[in-house]
There are 2 protein chains.
Amino acid sequence: MNIGQAAKASNVTAKMIRYYESIGLITAPIRTQANYRVYANEDVHALRFVKRARNLGFSIEEVRELLALWRDKSRASADVKSVAMKHVQDLETKIAELQAMARTLSHLARTCHGDGRPDCPILADLADPAASLAPVPGKPKRKARQEADCACHEDATLPA
Amino acid sequence: MNIGQAAKASNVTAKMIRYYESIGLITAPIRTQANYRVYANEDVHALRFVKRARNLGFSIEEVRELLALWRDKSRASADVKSVAMKHVQDLETKIAELQAMARTLSHLARTCHGDGRPDCPILADLADPAASLAPVPGKPKRKARQEADCACHEDATLPA
DNA sequence: CTTGACCTTCCCATTATGGGAAGGAGCATA
DNA sequence: TATGCTCCTTCCCATAATGGGAAGGTCAAG
């Protein structure tokens, strides 16, 4: 099987197959005399594995670990599970960050007229988040919960 | 103010300040005779604006638009709002993708013993998602809702 | 033998950020 | 003044994963 056929069969582009080979993620296949790569069904299987893992958000290095575990018939499932669980944690961290951003922005957008006037709480917040701390003076207790909910006045994320 | 001081005041590294200048995101400041950059308070203000927008997940190009709107005193708030709303949508799309991944993986991890045995549904799924469609034959109706909920057997994401 | 589809390698671009080298500038202290 | 420390300058490289495209070789069908 040529690289193009392997690409179709695995849903991994030829470009990426070559790349994965170059970084040692997958093993280099044999070549024809014309230097064409020749893939076996097993190789396609591995490529699909990689594809699936990438779709689940694993980094290349994590995929490398998973592939090693997959090949190691005497692995402990605990090792696989810990890789997966750590990734779930990473995902959840990222989700929380994005949600904080979305909440803040949604809140700001809600308070923006969105018409022809230049007045804009969104720009005001970007220019000076502290100044938008008290957009409506008075009755702070009623808003307490909502403000906590939108986290508008924090940095939304603490990037690593 | 030197670049180091501007960096501290804006919480943007000197490295990034130079970069933002190089791509025309911020205007080049005047220089001393020794070629040192000299920043005014306004510049720091703009840098804080950029920082805040970046923290909210806007791309550099989006920040560029927002800065232009900020400087344009006759902007329409609708224009700002639309940039913000589009970004909220992007964030929500991304969140949904990550959640789909997390759901799938959590489900797989839950079904994995996580002990010394090599048996592992996680690897099994990576190797062949279709095969893990019916891990427990029979009573499919009872699982219908749960399966829909975890999306395990779809690609989890449809990357752009 | 030509044509078109495929393969090869190699280089470049992307996004946003950091690291680090080599050399100049500014300031304080011995 | 000379030494030294901290800051500044520019320039190059690296990251993560992927795509684009050029230049040139190969294969199969007509």
Side-chain angles (χ1 to χ4, degrees), chain A residues 1-26 28-39 43 47 49-67 87 90-91 94 97-98 101 157-160, chain B residues 1-26 28-39 43 47 49-67 87 90-91 94 97-98 101 157-160:
Chain A
M1 192 178 347
N2 276 344
I3 197 170
Q5 300 170 294
K8 270 179 199 158
S10 64
N11 217 24
V12 176
T13 64
K15 204 96 190 188
M16 290 312 297
I17 295 177
R18 293 193 197 96
Y19 173 66
Y20 291 154
E21 178 189 326
S22 82
I23 61 171
L25 186 65
I26 60 176
I30 56 169
R31 305 274 188 136
T32 66
Q33 282 190 323
N35 207 29
Y36 282 23
R37 291 172 178 82
V38 178
Y39 295 91
D43 300 318
L47 284 169
F49 183 103
V50 172
K51 181 70 173 182
R52 171 78 172 149
R54 295 284 303 128
N55 279 345
L56 287 172
F58 288 102
S59 72
I60 299 273
E61 289 314 307
E62 287 165 334
V63 175
R64 199 187 294 274
E65 287 183 62
L66 291 170
L67 273 173
H87 181 48
D90 292 349
L91 287 169
K94 192 58 164 270
E97 286 174 8
L98 299 183
M101 295 177 191
T157 62
L158 305 172
Chain B
M1 196 179 339
N2 276 346
I3 197 171
Q5 300 169 294
K8 270 180 198 158
S10 64
N11 217 26
V12 176
T13 64
K15 204 95 190 192
M16 291 313 297
I17 295 177
R18 292 193 198 97
Y19 173 67
Y20 291 154
E21 178 189 328
S22 82
I23 61 172
L25 185 67
I26 58 175
I30 57 169
R31 304 272 188 137
T32 66
Q33 283 191 322
N35 208 28
Y36 282 23
R37 290 171 178 84
V38 178
Y39 294 93
D43 299 318
L47 285 168
F49 183 104
V50 172
K51 180 71 174 182
R52 170 79 172 149
R54 295 285 302 127
N55 279 345
L56 288 173
F58 288 103
S59 71
I60 297 274
E61 289 314 306
E62 286 165 334
V63 175
R64 201 188 294 274
E65 287 183 64
L66 291 170
L67 273 173
H87 181 48
D90 292 349
L91 287 169
K94 191 60 165 271
E97 287 174 8
L98 298 184
M101 296 177 191
T157 61
L158 305 172

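Labels below follow one simple rule: chain letters A, B, ... track the order of the sequence lines, proteins then strands, and each chain is numbered from 1. Side-chain atoms are counted along with the backbone in the values below, which use heavy atoms only and exclude waters and symmetry mates.
- Rounded to whole Å, the distance from CD on A:Q33 to P on C:dT8 is 15 Å.
- Summarising the geometry, the separation between OH on B:Y36 and C1' on C:dG23 is reported as 11 Å, rounded to the nearest angstrom.
- Side-chain N or O atoms of A:R64 include one that pairs as donor or acceptor with a backbone N or O of A:G24 at under 3.5 Å.
- In this structure the side chain of A:Y20 never reaches within 4.5 angstrom of the side chain of A:V63, judged on heavy atoms.
- Each of A:Y20 and A:A34 was matched to the nucleotide of DNA chain D holding its nearest heavy atom; the match closer to the 5' end belongs to A:Y20.
- In this entry the distance linking CD1 of B:I23 with C1' of C:dT17 reads 11 Å, nearest Å.
- Rounded to a whole Å, the CD atom of B:E61 is 11 Å from the P atom of C:dT14.
- Base contact: A:R18 has a heavy atom under 4.0 Å from a base atom.
- Interatomic distance, CD1 of A:I3 versus CD of A:E21, reported as 7.5 Å (0.5 Å rounding).
- In this structure, the side chain of A:K51 engages the main chain of A:N11 through a donor-acceptor pair within 3.5 Å.
- The outermost nucleotides of DNA chain D lying under 4.0 Å from heavy atoms of chain B, listed 5' to 3', are D:dC7 to D:dT10.
- The separation between B:N35 atom CG and C:dG24 atom P is 13 Å, rounded to whole Å.
- Residues B:L47 and B:M16 are not in side-chain contact: their nearest non-hydrogen atoms beyond the backbone lie 4.5 Å or more apart.
- Taking for each of B:K15 and B:S59 the nucleotide of DNA chain C with the nearest heavy atom, the 5'-most of the two is the partner of B:S59.
- B:N2 places its CG atom 10 Å from the C1' atom of C:dA25, with the value rounded to the nearest Å.
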| Pair A:D90-A:E62, side-chain contact (heavy atoms from CB on, under 4.5 Å): steps then yes or no | CA-CA 12 Å; A:D90 292 349; A:E62 287 165 334; 4.1 Å; yes
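- Comparing C:dC7, C:dG26, C:dT17 against the side chain of A:I3 picks out C:dC7 as the nearest.
- Looking at A:I60 and A:L25, their side chains come closer than 4.5 Å, going by heavy atoms from C-beta outward.
- Counting heavy atoms from C-beta on, the side chains of A:T13 and A:Y19 never come closer than 4.5 Å.
- With sequence neighbours left out, A:A34 forms a side-chain contact (heavy atoms from CB on, under 4.5 Å) with A:T32, A:Y36.
- Bending across the helix from C:dC1-D:dG30 to C:dA30-D:dT1, expressed as the angle between its end axes from five pairs apiece, amounts to 30° (10° rounding).
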